[in-house]
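First comes the structure, then the notes that go with it.
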Amino acid sequence: MNIPKIPLGDWVDVLVKWVTVAFAGLFTVLTTAIEGLLNILVDVLSAGPPILLIIILTLLVTYTSRWPLGVFTLLSLLLIDNLGYWDSGIQTIAIVLLSGLITIIIGIPVGIWCAQRKTVHRIVTPILDFMQTMPAFVYLIPSILFFGIGVVPGIIASFIFAIAPTIRMTNLGIQEVPKDLIEAADAFGSSNSQKLFKVQLPIATPTIMAGVNQSIMLALSMVVTASLVGAPGLGADVYRAVSQIDVGRGFEAGLSIVFIAVILDRITQNLRKPAYEHIIKKKIVFSIVAALVILTAIVTGITNQTAQDKKGNGVGAQTDYQIIGIEPGAGIMTQAGNALKEYQLKDWQVVEGSSAAMAAELDKAYGQKKPIIVTGWAPHWMFSTYDLKFLKDPNKSFGTVEDIHTIVRKGLEQDMPGAYTILDQFSWKPADMEKVMVDIKKGMDPTQAAEKWIKANGDQVAKWTNGAKKGNGETINLVYVAWDTEIASTNVIGKVLEDNGFKVKLSQVEVGPMFAGVANGSADAMVAGWLPSTHKKYYEQYKNDFLDLGVNLHGTRNGLVVPKYMDIDSIEDLK
């Protein structure tokens, strides 16, 4: 069909940009409030040694769900602490509890409103269908632009993803209240509020609690997704393990999430009718827990306020002592961590996330002329889009000039000699790569941007294909990471291979799986090996299992990048 494409994506982009500017003040207030509440929860859960919280949670689970689950809680939490995931576990519990709290505060009133007004129900139902079926990753994109990188967009995305069951089950529970009870309440002259709070809600409570339980479990399922935008906790540990193909670490972090899920599930399921309510009234137990939480929050709040003064007008205070990073498995993240140690930047932290999240945060800060520090590399489209500079690195923590290598699986030359020859002869310059990246950044499809560059550089492409045997429809699988440099180079070489008779499959993966895939033969090649330092760890691990065809681009650089309007020039200025 030759019908022009409806620019739906462009319309959404315009809408999001308008909302970002128009409601900037509201988003700032929400960010501050959510971060403040989360910090309070983390401080409360972290107060005292781990064994204190372990005992409290064990007693609470025992009270609500009987002693066998109490024993399970004790052993599982002790194991989490033993494995070294206690702090991450605390962060995860705090994120889930806060997401659940927001879900309850908003979801239950909306569910009540739906039950009382058919028009509201008709409007809300398709919205909930949309929210539940839209991939959770999509919620992260506007969340980054509205709330910045970190835990807040993760909590917001978790809330949106998880709120539907609470609304639906609240609506269902109220609608299922027997009509004769409603008629009896009306006969006794009850007001609408009296019917709601004394008849409908008490009867609907089991159904409502089932919805709250489901929402909390859905929020917990979002912890790994939220780590893509810098949310801390066990999700970040899982994401890091996936990026680095660390099976053991991934299993440990995943098992910790399972333990926490079981504990939260059993507590929320049995809050209404605790197992040992006949021994101690639940009002007494819950009052004691509430008093402990409030008292601890007050004490830790006063303590933190007294100990808090990392203030001032320096760049650290202006950026909240944060360096905006990318995927945890990236070599530049290891380099950034080493830089903090080598330059003794004890107060600073590198925020893990993704390349897309970093770019979004940079765009937001640059548009408002706010200070920001990101992990950056060249070539990259951001240097053509913004006026940026690398901070000087006297200690060479980020190494010197690097090269990008082409790496292929063993046996490729015998299986596809033509593809092997093209990959072996592939070589271009940073300026070439930047042209493709800029076109992609402006909205051009990567395939179209690659075609445009190939048409404009026929002589150079002819050198890559010189003497290469034409393919006969063989499938070649190229792997790459979702960095703008690799998207550009992989699409260009993929299109060249396609034009020479090969069926090209492009697979986007993390750094660790990229190297492992070529090494074990599940992928055929990559043109994305940053050496000698960025991908050194993976190269050393798999170098005996693949073939390095050498440099395809010379002159890359890693480091910390800031806008030129910032009055700092060196990493040493961060002290």
Side-chain angles (χ1 to χ4, degrees), residues 60-61 63-66 69 96-134 136 158-222 261-262 264-287 289-290:
L60 185 58
V61 172
Y63 175 71
T64 58
S65 309
R66 298 195 177 277
L69 275 168
V96 172
L97 289 179
L98 184 54
S99 299
L101 179 63
I102 298 173
T103 297
I104 292 170
I105 292 172
I106 297 177
I108 291 179
V110 172
I112 294 171
W113 195 19
C114 288
Q116 294 179 337
R117 297 285 185 272
K118 288 186 177 180
T119 302
V120 175
H121 177 67
R122 292 192 191 102
I123 295 172
V124 170
T125 298
I127 296 175
L128 295 179
D129 293 339
F130 176 85
M131 291 166 62
Q132 284 188 294
T133 52
M134 178 67 73
S158 299
F159 155 72
I160 295 172
F161 183 69
I163 193 173
T166 296
I167 296 176
R168 290 186 190 278
M169 298 298 276
T170 300
N171 174 43
L172 178 64
I174 292 176
Q175 287 186 341
E176 287 185 341
V177 173
K179 290 183 179 180
D180 54 348
L181 290 179
I182 301 297
E183 291 171 356
D186 289 333
F188 281 100
S190 300
S191 65
N192 288 334
S193 60
Q194 287 175 325
K195 279 192 296 183
L196 176 64
F197 289 104
K198 294 186 177 181
V199 179
Q200 293 172 311
L201 285 181
I203 294 174
T205 296
T207 306
I208 294 173
M209 289 304 298
V212 171
N213 175 265
Q214 289 181 27
S215 291
I216 290 175
M217 292 301 101
L218 286 174
L220 187 57
S221 72
M222 279 286 290
V262 172
L264 292 179
D265 178 60
R266 296 304 183 270
I267 290 176
T268 53
Q269 273 190 13
N270 300 304
L271 273 178
R272 187 168 173 268
K273 289 185 176 181
Y276 295 110
E277 186 179 10
H278 60 284
I279 299 176
I280 307 177
K281 295 294 183 184
K282 64 181 179 183
K283 287 185 179 180
I284 297 175
V285 173
F286 296 152
S287 296
V289 172

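From a predicted model like this one, the values you see are computed outputs, not experimental measurements. All values below come from the heavy atoms of this structure, side chains included, with hydrogens, waters and symmetry mates left out.
Taking both residues in full, the closest heavy atoms of Pro202 and Arg272 are given as O-NH2, 4.1 Å, listed atom of the first, atom of the second, then distance. Of all heavy-atom pairs spanning Asn270 and Arg266, the tightest one is ND2-O, 2.9 Å. Contact detail for Val199 and Ile182: the closest heavy-atom pair is CG1-CD1, 4.4 Å. Shortest non-hydrogen contact noted between Met222 and Phe161 is CG-CD2, 3.5 Å.
Side-chain atoms of Thr205 come within 3.5 Å of backbone N or O of Leu201 as a donor-acceptor pair. In terms of modelled atom types and a separation under 3.5 Å, the side chain of Gln194 and the main chain of Ser191 share a donor-acceptor contact.
More than 12 heavy atoms of other residues, nucleotides or ligands sit less than 6.0 Å from atom CG of Asp186. Within 6.0 Å of CZ on Phe286 lie more than 12 heavy atoms contributed by other residues, nucleotides or ligands.
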Under 3.5 Å donor-acceptor pairs involving side-chain atoms of residues 209-219, not counting sequence neighbours:
{"from": "Asn213", "atom 1": "ND2", "to": "Asp265", "atom 2": "O", "distance (Å)": "3.3"}
{"from": "Asn213", "atom 1": "ND2", "to": "Asp265", "atom 2": "OD1", "distance (Å)": "2.9"}
{"from": "Asn213", "atom 1": "ND2", "to": "Thr268", "atom 2": "OG1", "distance (Å)": "2.6"}
{"from": "Ser215", "atom 1": "OG", "to": "Ala162", "atom 2": "O", "distance (Å)": "2.6"}
{"from": "Ser215", "atom 1": "OG", "to": "Thr166", "atom 2": "N", "distance (Å)": "3.4"}
{"from": "Ser215", "atom 1": "OG", "to": "Thr166", "atom 2": "OG1", "distance (Å)": "2.6"}
{"from": "Ser215", "atom 1": "OG", "to": "Gly211", "atom 2": "O", "distance (Å)": "3.2"}

Could you list the donor-acceptor pairs under 3.5 angstrom formed by side chains in residues 105-119, with sequence neighbours left out?
none

Step-by-step side chain to side chain contact (heavy atoms under 4.5 Å, CB included) determination, Met169 to Ile208: CA-CA 5 Å; Met169 298 298 276; Ile208 294 173; 5.9 Å; no
Side chain to side chain contact (heavy atoms under 4.5 Å, CB included) assessment of Glu277 paired with Tyr63: CA-CA 8 Å; Glu277 186 179 10; Tyr63 175 71; 4.1 Å; yes
Side chain to side chain contact (heavy atoms under 4.5 Å, CB included) assessment of Arg168 paired with Thr125: CA-CA 8 Å; Arg168 290 186 190 278; Thr125 298; 4.3 Å; yes
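You'll find the side chain of Thr207 stays beyond 4.5 Å of the side chain of Thr170, heavy atoms only.
Within the model, atoms NE2 of His278 and NZ of Lys281 stand 10.5 Å from one another, a figure rounded to the nearest 0.5 Å. Here Thr64 contributes atom OG1 and Arg66 contributes atom CZ; the two are 11.0 Å apart, rounded to the nearest 0.5 Å. Between atom CG of residue Leu181 and atom OG of residue Ser190 there is a gap of 11.0 Å, rounded to the nearest 0.5 Å. For the atom pair OG of Ser65 and CD of Gln269, the computed distance is 7.5 Å after rounding to the nearest 0.5 Å. In this structure, the separation between CD1 on Ile279 and CD1 on Ile284 is 12.5 Å, given to the nearest 0.5 Å. One finds the CE atom of Met131 at 6.5 Å from the CZ atom of Phe159 (value rounded to the nearest 0.5 Å).
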